[in-house]
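Just so you know, these numbers use all the heavy atoms, side chains as well, and skip hydrogens, waters and symmetry mates. Protein chains get the first letters and strands the later ones, always in sequence-line order, with residue 1 at the start of each. Note that the coordinates shown come from a computational prediction; the quantities given were computed from them, not determined experimentally.
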Amino acid sequence: MNTILQVRDLLVRVHTSILVEVPHLWLERGEILAVMGPNGSGKSTLLQVLGFLRKPTAGTVFFSGRPVASRRDGLLARRQIAMVFQEPLLCQASVFANVAMGLRFRKLPGSTVTTEVNRWLERLGILHLADRPAQTLSGGEAQRASLARALVLKPAVLLLDEPFSALDPQIKEVLIEDLYEILRHEELSTIFVTHDHSEALRLGDRIAVMGNGRILQVDTPQKVFGMPSSEQVALFTGVETILPGTIVEQREGLALVDVRGKRLEAVTQASPGERVLLCLRPEEVSLMGPNQIRTGTARNLLPGVVERIIPSGFHFRVVLDCGFQIVAFVTRQSRDEMNLKEGDPVTAAFKASGIHVIPR
Amino acid sequence: MNTILQVRDLLVRVHTSILVEVPHLWLERGEILAVMGPNGSGKSTLLQVLGFLRKPTAGTVFFSGRPVASRRDGLLARRQIAMVFQEPLLCQASVFANVAMGLRFRKLPGSTVTTEVNRWLERLGILHLADRPAQTLSGGEAQRASLARALVLKPAVLLLDEPFSALDPQIKEVLIEDLYEILRHEELSTIFVTHDHSEALRLGDRIAVMGNGRILQVDTPQKVFGMPSSEQVALFTGVETILPGTIVEQREGLALVDVRGKRLEAVTQASPGERVLLCLRPEEVSLMGPNQIRTGTARNLLPGVVERIIPSGFHFRVVLDCGFQIVAFVTRQSRDEMNLKEGDPVTAAFKASGIHVIPR
Amino acid sequence: TALSPAAGASGKNVILATTTSTQDTGLLDVLVPLFEKKTGYLVKTIAVGTGEALAMGERGEADVLLVHAPASEEKFMAAGHGINRKPVMHNDFVLVGPAADPARIMGLPLAEALGKIASAKAIFVSRGDDSGTHKMEKKLWKEAKITPSGNWYVDAGQGMGETLRISDQKQAYTISDRGTYLALKNGLSLKILVEKDRALLNFYSVIEVNPAKSTRINNAGAKAFSDFIISPETQEIIRHFGDKKYGQPLFVPDAGQQR
Amino acid sequence: MDLILQGAKHALELLIQGDPEIFQVVLLSLRVSGTAVLISLLLGIPLGTILALSEFPGRRLVLSLVNTGMGFPPVVVGLFVSMLLWRSGPLGGLDLLYTPAAMVIAQVALAAPIIIGLTAAAIQQLNPKLRLQILSLGANRRQLMWILLREARLPLLAAVMAGFGGVISEVGAVMMVGGNVKGQTRVLTTATVLETRMGHFDVAIALSLVLLGITFLVNLALTIFQQRGGTR
Amino acid sequence: MDLILQGAKHALELLIQGDPEIFQVVLLSLRVSGTAVLISLLLGIPLGTILALSEFPGRRLVLSLVNTGMGFPPVVVGLFVSMLLWRSGPLGGLDLLYTPAAMVIAQVALAAPIIIGLTAAAIQQLNPKLRLQILSLGANRRQLMWILLREARLPLLAAVMAGFGGVISEVGAVMMVGGNVKGQTRVLTTATVLETRMGHFDVAIALSLVLLGITFLVNLALTIFQQRGGTR
Ligand SMILES: Nc1ncnc2c1ncn2[C@@H]1O[C@H](COP(=O)(O)OP(=O)(O)OP(=O)(O)O)[C@@H](O)[C@H]1O
Ligand SMILES: Nc1ncnc2c1ncn2[C@@H]1O[C@H](COP(=O)(O)OP(=O)(O)OP(=O)(O)O)[C@@H](O)[C@H]1O
Ligand SMILES: [Mg+2]
Ligand SMILES: [Mg+2]
């Protein structure tokens, strides 16, 4: 097996509270695993265990296929892992010294240290801050220094705990592009924690969703976002419409579902009589004005009334009342073209395959 | 004048570096001012000065119309201001004690303290953590505690420094909704720093964009995002296409602009011969397949070739080569319907009013 | 170097346990270098209370003692802790007190003076440290048939210098050896009120610690010191010590005499 | 080493018999050193905090002076305080020499610099932004100081223990200004010295053990308080 | 107070004339206390760090014991070290009593607990996550300790100063184990005591001032080092 990092039967407990409980999780060589989950779900704790910084209450962590038990093994593993913490804790020294610290620990020659550190400072746009005491950095500058400190180590495994949270959008964009190239190019194996769905979608080969210390789902981004395994995951991944329904008819994978008296078509193997939850992402729903000609292949058409229009960046989330609430996502262009206002009658259209069905 | 907070001729300097230099900035009563800007542009420093926590090198800060000079004035002003710092620094005490701290400083009766603190802990979803030592909180939990600590004070002015950066999307959504209600309802005056454009757009009555310690533009969100005053602001606010051009013809506010030999129509008063920059947000650009019938009112149609498709959350940014680069933003639905691939010929369509013109 | 254990062979080191008075008067600063030059021994002078000096001897922690507490010394010898106890010199004690002399004892015989102090309940400071001087004082009270106690009888629990200073500050009476009194006289307002009583003589003896106690005892060195201090030349130096500084000698050499 | 055993036995006896003399000595030790530490705290903590937080030219010099104070030789302090309190001295009229008050004064002179120096270091070590954070919650200066001290509880209590340990165990200065007068100014350390000088090593050891026991109990209480809530 | 002036004058004279005797005494003071502090640091800093970082049952008790050590009465230490080094004691054969080595031993016993206790408090005060952060950069145990110590530089140097100040100014223990032998174990404090006992207050004051001056210079250097780079 080509896994570089693996845990089995992991348990982290403090007093009586279980912080993390993960029967099995692994990271392939060269893979990027994104970890998402609500605050306090144990993401940072898991990362600390994987970074050999925190001894789990029970369970084994394998590095390169071998269990890491002794202190010496731990050090050797740590020397191949770099971690960026959620809060950048820099030492009371210059930015340069902070970024150089890991290389110094590895006793690299001074000239190499200087070259490498400067290269990364440059890359993160903080070369001009090299001689500044780290304590005087702004929040974002500190986070960049913290990133540089890890990346300069050229580790085999990179553990990133919300590494971009304090960065401005411009540098974040550049950095994500950059980092992606590097990760792919150098076959770095990465786990990164993020609260930003688009980051997870963009970078992750797989996404793990945590909740209450457990891993609720690990899957490709498409599956996690499109086919959440539970209501919890669905809610967390931004499925805004979750409708309880009952299967009425099953036609070779296409089912008719009763939702409060309305019939919706959904792609599922569930048999008639089964009670299910229908998950509908707002991106899957398009809106049509009353006079609009029907286009596209949407099999579900639900007439309703605009209840609220909530700005969401340059777009809008539109809450419809169709007997139950449905949330749709529209661009500003669409809103302008339809001249959408609260109270307007509209029709929500979505494909049968746009609905993800999970058992209740 | 009904300004609650105002600075004049503000200068913050450390040694020789100027951290903040703001000739004039004010906050109206009940207003929400969003502050954006690259890392290190002086946002946090400005907030500290406005919170009477840091003495500026020069300049005056007015609270409720009166300059605050003495230590006593400072304390009185501080007692009407609450601030959430970029990094949540909690004291070594229980979460409850941390959140209660400000009320205790104000010598409120114990029962009031308990009720209020519990109310806010509840609201921020951390009531179950009330008795926990603050040092054991996760990053997001700590940020929530830090928010509760400020909000419980019912201040006249709220200064928030990237207050949501570590929150999970679910609580963030709830909180922003909630907070918006409260701010509006209680006529709270707020300044908040954020790197998230959509937060700024959603909450801000006005947006200030900072750069290099200076305020580059203060305006309504529409103006800041739609009509940036400079290339710097444009770049920062996510205008991805900035084209240098020259005005060729001027027809009562509608100008013909030459961009590398192509003619574009734009709304501007600039006279022929003037050298200008055309700012085009990706959201303003829609794409049409080669066989698609022209709809809408776009006056500019530029044929081009898809160079790259970059996933961006549930949507895509499409980079086109039309002789120069243009970036468009498309939904997944559009991409699927058009079956967009790299190398495909497409036409970019955008309105004359979608282009914002700034002088070079 | 000085930080290495015991400079030179341990056989060269002689540990002299003595009372603070001999060191505080400066006498040993004169004698010890002479002895060292003459014999090549290195002397470690440990100035402590008489009680501690004797205890050190008893435990074999010193090689030679220079002390002044005849009664205790006799006990010490009788118990076999020491050998060759020899008289060295004597000085005398004086009863000092405030110039105002509230108990009116000036010039009285010692026992009578003590009686008046006790009956007047004038403050008297005792060293209270079981030193030679303290033992002498206790003997004197006993001879005067008084058991001193009460608020007026202050137990200082300190050395001579400190006791004198306390007496001075409290304007109290005390008994001091003449040497220390003379050495500190300038800073004090106390006057000698009773002196030259036979009972006030203070005899110093040199005692070699019994080498049978422990193999580590440097008896040769002890003997050399003992011989040195009772040698005529040394005795002559003692006779004149203090002449220059105080205008009178502090000690009377006693070597070879019986007392 | 038999002496130590003897001493321990003796110490137990003294305590069990409830020897009133020893009781008095112990009490005085605690009273004098306790008062001295209290006064030193009242002086030292505000001064140390101010030294840590304010920026003024010559701050380093003042800090060095304070730190030098940590090395005030007790006998020197004793001498200076004595000279102050001598009848001929400037405060002679107060008649304080050879009283517990004089001992307290000397011990304050010894403990206060330790408290000031260690407090300053402890407060300086705190994250400077914490100060802003607390101020932003509406703290006045007193409240700010109180919270900061609570945050620096660990090193501060270590400072208290160092100060208390320094003075309760000190003998040079108290001997000089107190005079070791039986029933009035005799404390555990001066009594120990006296017994040692008298050659009563076993009693000296017994007294030492009592002193160590007391110091241990006080420090145990302070350490438990200090470490409450574990490692942060 | 005229005595102090006289003393100051005398001190100047002594220094200017370069009195070889005083020079020797000063040198010995520095050598003995310097060595003692150095040894205490070598012992105390690792021990303090370990105490701060490791979790084991009875940790509080050990910490209390160490903190009690900050209050070891010098005379007690002197007595115990003496008893160890006595001819009849377990280490009698080394013939160390009344040598500078013995003084160093006693001073280590006095300074080490101060260093350990204050180091432990200083390290405990650091953000515990800093430790993880440093480990994650690949530090081994030695490197981790080094960085942590650098982070706690402020209180640690205060600890060094407290320890140095404590021992260089101490007289009870060095007097007991050193014996104040002229030319061999006479240091500034024991000389001061002797001169005081002899009534030579001006010399005593002069010696005290020299001692204070030396302590000040050492602490000035340490303070400047400590405060380098300002308040964090
Ligand atoms: N002592 C100092 N000397 C020089 N520059 C300093 C000092 N302290 C802060 N600065 C600089 O001042 C600038 C403004 O810092 P500030 O924290 O206000 O930035 P910010 O806009 O909040 O950034 P971020 O988005 O990263 O939080 C930063 O570039 C910082 O490095
Ligand atoms: N000593 C402790 N006792 C009890 N619970 C603890 C302790 N330390 C941490 N926890 C809890 O463990 C949970 C997991 O913490 P962790 O930091 O791993 O969360 P996270 O998923 O990283 O959250 P965030 O998104 O807020 O960073 C949190 O709810 C935290 O409160
Ligand atoms: Mg976390
Ligand atoms: Mg900031």
E/Leu61 meets the side-chain contact (heavy atoms from CB on, under 4.5 Å) criterion, sequence neighbours left out, with D/Phe216, D/Leu220
Measuring from D/Leu118:CG to E/Leu154:CG, what's the distance to the nearest 0.5 Å?
-> 11.5 Å
Closest contact, heavy atoms only, E/Leu126 versus D/Gln125 | CD2-NE2, 3.3 Å
Heavy-atom proximity to chain D below 4.5 Å, by part of E/Met176 | side chain
Contact class of D/Ala152 relative to chain E, heavy atoms under 4.5 angstrom = both
For D/Leu212, is it the side chain, the backbone, both or neither that has a heavy atom under 4.5 Å from a heavy atom of chain E?
-> both
Residues passing the side-chain contact (heavy atoms from CB on, under 4.5 Å) test with E/Pro74, sequence neighbours excluded, are D/Ser169, E/Leu110, E/Glu170, E/Ala173
Counting a contact as any heavy-atom pair under 4.5 Å apart, which residues of residues 64-73 of chain D contact chain E?
-> D/Ser64, D/Leu65, D/Asn67, D/Thr68, D/Met70, D/Gly71, D/Phe72, D/Pro73
Counting heavy-atom pairs under 4.5 Å with chain E, the top scorer among D/Gly165, D/Ala159, D/Ala120, D/Pro113 is D/Gly165
Could you tell me which portion of D/Ile205 (side chain, backbone, both or neither) has an atom closer than 4.5 angstrom to a non-hydrogen atom of chain E?
-> both
Roughly how far, to the nearest 0.5 Å, is CD of E/Gln226 from CD of D/Gln124?
-> 6.5 Å
Name all residues meeting the side-chain contact (heavy atoms from CB on, under 4.5 Å) criterion together with D/Ala204; count only those two or more places apart in sequence or in a different chain, and write none if there are none.
-> D/Thr192, D/Glu195, D/Thr196, E/Leu79
Do you know which two heavy atoms are closest between D/Ala158 and E/Ala121, and how far apart they sit?
-> CB-CB, 3.8 Å
Examine whether an atom of E/Ala162 lies under 4.5 Å from a heavy atom of chain D, and if so say whether it belongs to the side chain, the backbone or both; otherwise answer neither.
-> both
When rounded to the nearest 0.5 angstrom, what distance separates CD1 in E/Ile114 from CE in D/Met161?
-> 12.5 Å
